Colleague: 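Right, I'll just put the structure down here and ask away after.
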Amino acid sequence: MAVNAADYTPQELMVVAAAREIRDGEVVFVGMRLPLLAFALAKRTHAPSAIGLFENGLVRDQLPPPGLYTMGDPPNVTGASWATGLVEVMALLQRGDVDLGFIGGAEVDRFGNINTNLIGPPERPTVRLPGSGGGADIACLSKRLVSLMEHAPRRLRERVDFVTSPGYGDGPDWRRRQGLVRGGPSAVITTLGVLRFDDITSEAYLASYHPFTTAEEVAAATGWPLSIPACCAPTPPPTADELRLIREADPDGFWTR
Amino acid sequence: MAVNAADYTPQELMVVAAAREIRDGEVVFVGMRLPLLAFALAKRTHAPSAIGLFENGLVRDQLPPPGLYTMGDPPNVTGASWATGLVEVMALLQRGDVDLGFIGGAEVDRFGNINTNLIGPPERPTVRLPGSGGGADIACLSKRLVSLMEHAPRRLRERVDFVTSPGYGDGPDWRRRQGLVRGGPSAVITTLGVLRFDDITSEAYLASYHPFTTAEEVAAATGWPLSIPACCAPTPPPTADELRLIREADPDGFWTR
Amino acid sequence: MSKLVPLPDAITRFVPDGASVALGTSLESVIPFAAGHEMVRQNRRDLELVGPISDILFDQLIGAGCVRRVVAAWVGNVSAGLGHNYRRAAEQGVPRAIDVEEHSNLSIGLGLLAGALGVPYLPTRTLLGSDLVSRNPRLEPLEPGLLRVGAIEPDVTILHVQRADDAGHAHAWGNLGVTKEAGLAAESVILTSEEIVPTDVILSDPNRVPLPPHRVRAVCHVPGGAHPSPVQGHYGRDHVAYAAYHRATRDQAGFDAWLREGVLDVPDRAGYLDKVGERWPALRPLVRCPAAPVDYA
Amino acid sequence: MSKLVPLPDAITRFVPDGASVALGTSLESVIPFAAGHEMVRQNRRDLELVGPISDILFDQLIGAGCVRRVVAAWVGNVSAGLGHNYRRAAEQGVPRAIDVEEHSNLSIGLGLLAGALGVPYLPTRTLLGSDLVSRNPRLEPLEPGLLRVGAIEPDVTILHVQRADDAGHAHAWGNLGVTKEAGLAAESVILTSEEIVPTDVILSDPNRVPLPPHRVRAVCHVPGGAHPSPVQGHYGRDHVAYAAYHRATRDQAGFDAWLREGVLDVPDRAGYLDKVGERWPALRPLVRCPAAPVDYA
């Protein structure tokens, strides 16, 4: 049973949308924050056999415990399937074992390139961001990439100041020319909608807008003229069950409130 | 107290000579058979802090237990300092942590090159030997190399049929030209004597002959005109204490009888 | 979905004729002899065997005519030195000629590590000046002072472990050799295990797990599956068996008789251990050496 | 010869001004905060910090003016995102300008692995097309589809572990990040440990040992030495401390006050934990999660 837009936060809807990107049995590079909640939700609903990879050196096929703040919290190790090193886990990524990777970012552009390093001119940045972490690796090496981000014009830009995590570069064939052997963005899930990428042009389009907004509002909050195809529709809202499961996983609402 | 030549075997004397190559506190790539006994003897006498590396993935700073047949016998793992993988242990070798490495061989030549791969023409060998194992790595990458071998003309040859484990190649400067960053043979301990290498010519000379033979007999059993310097003397025999310790470590005489 | 299957089924499914198979990844211990013997019974042909030091398992498979090619650093009998079947095959082409890709232990370890990392090669400082380089196409000069070792990617890696569950989670302890690299580099992994235990036992200690469970395709319950090689905490090495094998296999007829009695006429591992007789229970450790407790809370 | 020394002595001896120091090798857990704070108290200068994700320890050392250069994939506060001191230093040169060598987690892991393996570089398929490549001299195109990551060799790696003996044997469990690579790549290793135990405890489980003991130069007994980051089996993460740090350090004056109270005016780790107050005992786990027994006989 779907619920009203007033009954959930944008972050909760993002978790639901992210969970739906995970197919049962897939190997998922999880990362932290909303993707971790999405992974837990997917495992408790349609993808019980999904496997989660964490760059600190963990693989989990059991449900992550509730209330995690970081992937290194002891309860995430307890009951893991493999506790090892970063290179061993990222070797799985480089080998091509990872079906889906999640990352966040400060900026994304119309070809899905993501910046998490700096804002402003690279030689004299106005804002120094924390950096790639594992994001650039996940963007280069997983088969499908989903990013999550706040939707605002300064975040969805025509061109990012710095490509930390490559999307489709400047368009079709760019990844192949760089030597990337697979992958590319599959979706960008924002606080306002879900963007996907055109098979021919590699450019982002609005696949759905969240129920509490409109396609026009989403376009207005985007830093380039966002393509809105005829099939663009509201994002399916969370079910009551999904919301309950998210709130069990994030009991303090640390990431979703 | 030294003992009479009749009271020990050539293999026991080889163990004693090999043990004397180990200095206290050194990191030693041990391998199997006589070197393992030499390592145990050195630790119980003059080199209690020596550290032993085994290519199956073990590091030991405790005394090896008696009666080992292989480095993978469970008692060699029990009480090890580090149980890990082959690459991790050999990484220590490649990095330059290893002071002394021991290897065996089927043939050695006057520049200390060792063959453990094949006898006869490489394209149509008459004898197929087991191969390098870790020998070639130890010969390339440890700071000093000591090999142990039966002394016979067919084993100490002018030129080996196949260089598995590089010594000094064809003479001075050869190792540097190959790109080897360190190392080279320090001694060849045989059933008849101890060969060392001239600092200038890199050629083997007879440093000592075992008490039960003579320098002339050793030269006659060598496949090239062996250089015998004036300082060549009998190999110091085992002490009664050393013999007792060897026999405690190899109670069945599997390797030393 | 359980991955627990009888060993014959796992070999049938994941080790076809012509497969590249990594075996003996811990060097002298936990060698998956039971799995190798099952390959002989199924008359597998044209295998490529990959491993640093197989002790006598490679020699047996070579003598049984299962092998087309060996990628190894050492092939023989650790107790006795030479392996008679390896010599017959390499010197005389009996029972068939084999191709040998000769490595050192480090080069084979790095080749498997390259496969595990998903890169075409790794650089190394070893083997410079060794004649191994000119005879092994996987080793090539890279720049002064460095060789490249090409990636080695077996079709299947077979590991013998102390305990596993039916989902592919496992615990292995002791010297690990190239176990992790070979397990990660291979397309599939088969585990043979001394014990099958509940999943909770394995998940209680995730640092003891050698490989990500999703890469394991089959788990087989094979107590004694590594005999005559040792398994830490379970049994010691059967030195007598190695010496007896060396004596019995000096000629092809001797090997054929050994193979018939020890492998072909034996239905399964339990039958094999019956033939080992009184030596088998005598290999059990007499003392316990428990690891210090660890808490994952 | 015991390697057990007080933490101040280990820092004085093995972390000189200008040293390259790897810290935070397990990412968000077992971060050696106590060792970092001791560097601040000893007014260490011109350090190069190496680590994938240091959480707030790098931010603190940068704010205290100890740092000349950072080699990292991420610098910030895992709970809150940005690190204020890192921003001030990188954007405004306050309290001093720092040089940043920016990596991804995999590139820093491979750089340390190259150092551990004793080779000048390793090839990788990551970061192709990323702007990180043009700004980081340690990353260079190698051939189509491959980059080279140059070796990273810290002068010293500081690890916090659950237990160690006085000879440098140690046990570590949980997620290990780049702990092994950084420990093997460094010239020296300093261990800070929750517990000092007899050698027999460590030797009872050699697979639990992260590093060969001969590479460990100093062992320091520092219970609580990783707070506010967690230590598996000992204490959880103090989320409140991370949030409080983020709020308190928005401007330089706020950071200076935080540093004075939390580091400079604190004599040692026991004094620090006193200041953490009631939150400290509350971080202890309420249940036990024992690893299944293992026998090494």
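In the text below, chain A, chain B and the rest are named by the order of the sequence lines, each starting its count at 1. These numbers were taken from a predicted model, which means no experiment stands behind them.
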Colleague: For C:Y235, which atoms come within 4.5 Å of any heavy atom of chain D: side chain, backbone, both, or neither?
Modeller: neither

Colleague: Are C:L211 and C:L159 packed together at the side-chain level, in the sense that at least one heavy-atom pair is separated by less than 4.5 angstrom?
Modeller: yes

Colleague: Picking from D:R208, D:R125, D:H171, which has the most non-hydrogen pairs under 4.5 angstrom with chain C?
Modeller: D:R208

Colleague: Are side-chain heavy atoms of D:D295 and C:C289 found at a separation under 4.5 Å?
Modeller: yes

Colleague: Is any side-chain heavy atom of D:R215 closer than 4.5 Å to a side-chain heavy atom of D:L184?
Modeller: yes

Colleague: Checking C:P230 against chain D: side chain, backbone, both or neither under 4.5 Å from a heavy atom?
Modeller: neither

Colleague: Under a plain distance cut-off of 3.5 Å, with no hydrogens placed, do C:T192 and C:R269 share a side-chain donor-acceptor pair?
Modeller: no

Colleague: Could you tell me whether C:R138 and C:E101 make a salt bridge, using a distance below 4.0 angstrom between a side-chain N and a carboxylate O?
Modeller: yes

Colleague: Checking heavy atoms, do the side chain of D:L146, its backbone, both or neither come under 4.5 Å from chain C?
Modeller: side chain

Colleague: Counting heavy-atom pairs under 4.5 Å to chain C, which of D:H234, D:R284, D:Q162, D:R163 comes out on top?
Modeller: D:R163

Colleague: Would a 4.5 Å heavy-atom cut-off, applied to side chains only, mark D:T126 and D:V149 as touching?
Modeller: no

Colleague: So for C:P293, is it side chain, backbone, both, or neither that comes closer than 4.5 Å to the heavy atoms of chain D?
Modeller: backbone

Colleague: Checking C:L106 against chain D: side chain, backbone, both or neither under 4.5 Å from a heavy atom?
Modeller: neither

Colleague: At a 4.5 Å cut-off on heavy atoms, which part of C:L203 comes close to chain D: side chain, backbone, both, or neither?
Modeller: neither

